[in-house]
Amino acid sequence: VRGGIATVQGLALGHGRPCVGFSSLQLLALNLPHAAIPVCTLIDARKNEVYAGLYDCRDGLPSPLIDDCVIPPGEFLDLLTLHGHKAAIFCGDGVVRYRALIEQHPGVRAVIAPFPCHQPNAALAAPLVLRSWQSGDILAPARLLPAYLRPSDAEINRSARPA
């Protein structure tokens, strides 16, 4: 992610252009445009957690229904139920890893997306970029920064050390 952002920043600086940012989970949801039910994107975060988001894609572009988060998959399924989402299409490598848990959860009717939908496709990013551009949600290259949902292990270890 950092390498990709640095590349975009360099290209934007060199050409005097602004940047836009969006989440990897949102990009993953673009694999299922115009879905009639919400799209739940899950990326394996290791440590028995997933990066998760829920999107409404009926108009062709993902709009968040539940903000991106890092959470144990069972807790996210409970969150879907709590928010009244009875059905969702699931995609992402987290779905592959936690498929049995997803399919057995009593509160959500899970539709598992076909295998090609489990990986983000950068070629689908253009509509997200266009929407950001049209809404004026653009950034100077220096302001484009990664938004991590969980601190890295190095950051956790550093903060756990005594001063």
Side-chain angles (χ1 to χ4, degrees), residues 1-2 4-5 8-9 18-99 101-113 117-122 124-140 142-156 159:
V1 171
R2 291 177 193 185
I5 287 177
V8 168
Q9 287 173 322
C19 298
V20 299
F22 49 85
S23 87
S24 299
L25 293 165
Q26 194 174 27
L27 179 61
L28 188 57
L30 272 171
N31 283 327
L32 298 156
H34 307 290
I37 59 176
V39 175
C40 180
T41 55
L42 302 176
I43 297 175
D44 185 13
R46 310 272 189 251
K47 302 178 184 179
N48 296 314
E49 293 181 324
V50 291
Y51 299 110
L54 186 71
Y55 298 92
D56 179 349
C57 296
R58 289 177 293 177
D59 74 353
L61 290 174
S63 298
L65 296 171
I66 295 178
D67 290 335
D68 295 353
C69 58
V70 60
I71 189 169
E75 287 182 30
F76 191 73
L77 294 169
D78 293 340
L79 188 62
L80 292 179
T81 305
L82 181 68
H83 283 267
H85 301 289
K86 303 282 186 217
I89 301 173
F90 287 78
C91 66
D93 66 2
V95 175
V96 175
R97 178 159 185 209
Y98 295 106
R99 184 176 186 144
L101 176 70
I102 294 164
E103 291 177 333
Q104 293 169 3
H105 193 276
V108 179
R109 182 176 60 84
V111 177
I112 306 298
C117 295
H118 294 297
Q119 296 298 319
N121 182 348
L124 299 177
L128 287 175
V129 173
L130 181 60
R131 178 172 67 183
S132 295
W133 181 269
Q134 290 172 336
S135 68
D137 191 16
I138 56 176
L139 303 167
R143 295 199 39 175
L144 182 66
L145 301 171
Y148 294 108
L149 297 175
R150 173 173 77 192
S152 70
D153 287 341
E155 292 169 317
I156 292 169
S159 68

* To do: For C57 and A29, work out which heavy atoms get closest and say how close.
  => SG-O, 3.8 Å
* Please name the residue in the list L25, V95, V50 that meets the side-chain contact (heavy atoms from CB on, under 4.5 Å) test with I43. => L25
* Hey, could you give me the CD1/CD1 distance between I102 and I112, rounded to the nearest 0.5 Å? => 5.0 Å
* Asked: Which pairs pass side chain to side chain donor-acceptor pair (under 3.5 Å) with one or both residues in residues 24-45, sequence neighbours excluded?
  -> D44-R46, D44-R97
* To do: Give, for atom CG of L130 and atom OG of S135, the distance between the pair rounded to the nearest 0.5 Å.
  => 9.5 Å
* Only one of I66, L54, L65 forms a side-chain contact (heavy atoms from CB on, under 4.5 Å) with C40, so which one is it? -> L54
* Residues which pass side-chain contact (heavy atoms from CB on, under 4.5 Å) with A45, listed by chain and number, not counting sequence neighbours -> E49, Y51, V70, R150
* Report the residues that fulfil side chain to side chain donor-acceptor pair (under 3.5 Å) with R109, sequence neighbours left out, ordered by chain and then residue number. => none
* Structure fact -> Here the gap from H105 atom NE2 to Y98 atom OH, rounded to the nearest 0.5 Å, amounts to 14.5 Å
* Asked: By side chain to side chain donor-acceptor pair (under 3.5 Å), which residues pair with R131, not counting sequence neighbours?
  -> none
* Asked: Can you name the side-chain contact (heavy atoms from CB on, under 4.5 Å) partners of L145, sequence neighbours left out?
  -> none
* To do: Could you check if a side-chain atom of N121 sits within less than 4.5 angstrom of a side-chain atom of L30, using non-hydrogen atoms only?
  => no
* Please name all residues satisfying side-chain contact (heavy atoms from CB on, under 4.5 Å) with V20, sequence neighbours left out, ordered by chain then number. => V129, S132, I138
* Structure fact -> All heavy atoms of P120 vs all of L27, minimum pair found to be CB-CD2, 4.0 Å
* **Residues in salt bridge (charged side-chain N to carboxylate O under 4.0 Å, His left out) contact with R143, at least two apart in sequence or another chain** => none
* Asked: Can you list every side chain to side chain donor-acceptor pair (under 3.5 Å) pair that touches residues 59-71, not counting sequence neighbours?
  -> S23-D68, Y55-D68
* To the nearest 0.5 Å, tell me how far L149 CG sits from I71 CD1. => 11.0 Å
* Considering only heavy atoms from C-beta outward, does the side chain of L128 approach that of P62 to under 4.5 Å? -> yes
* Closest non-hydrogen atom pair, C91 against A113 -> CB-CB, 3.9 Å
* Asked: Can you pull the salt bridge (charged side-chain N to carboxylate O under 4.0 Å, His left out) pairs that have at least one residue in residues 73-96, sequence neighbours excluded?
  -> none
* When rounded to the nearest 0.5 angstrom, what distance separates CG in L42 from CZ in F76? -> 6.5 Å
* Structure fact -> For V8 and C19, the nearest pair of non-hydrogen atoms, with its separation, is CG1-SG, 3.9 Å
* Gap separating the CZ atom of F22 from the CG atom of L61, nearest 0.5 angstrom -> 11.0 Å
* Structure fact -> Residues passing the side chain to side chain donor-acceptor pair (under 3.5 Å) test with D56, sequence neighbours excluded, are R58
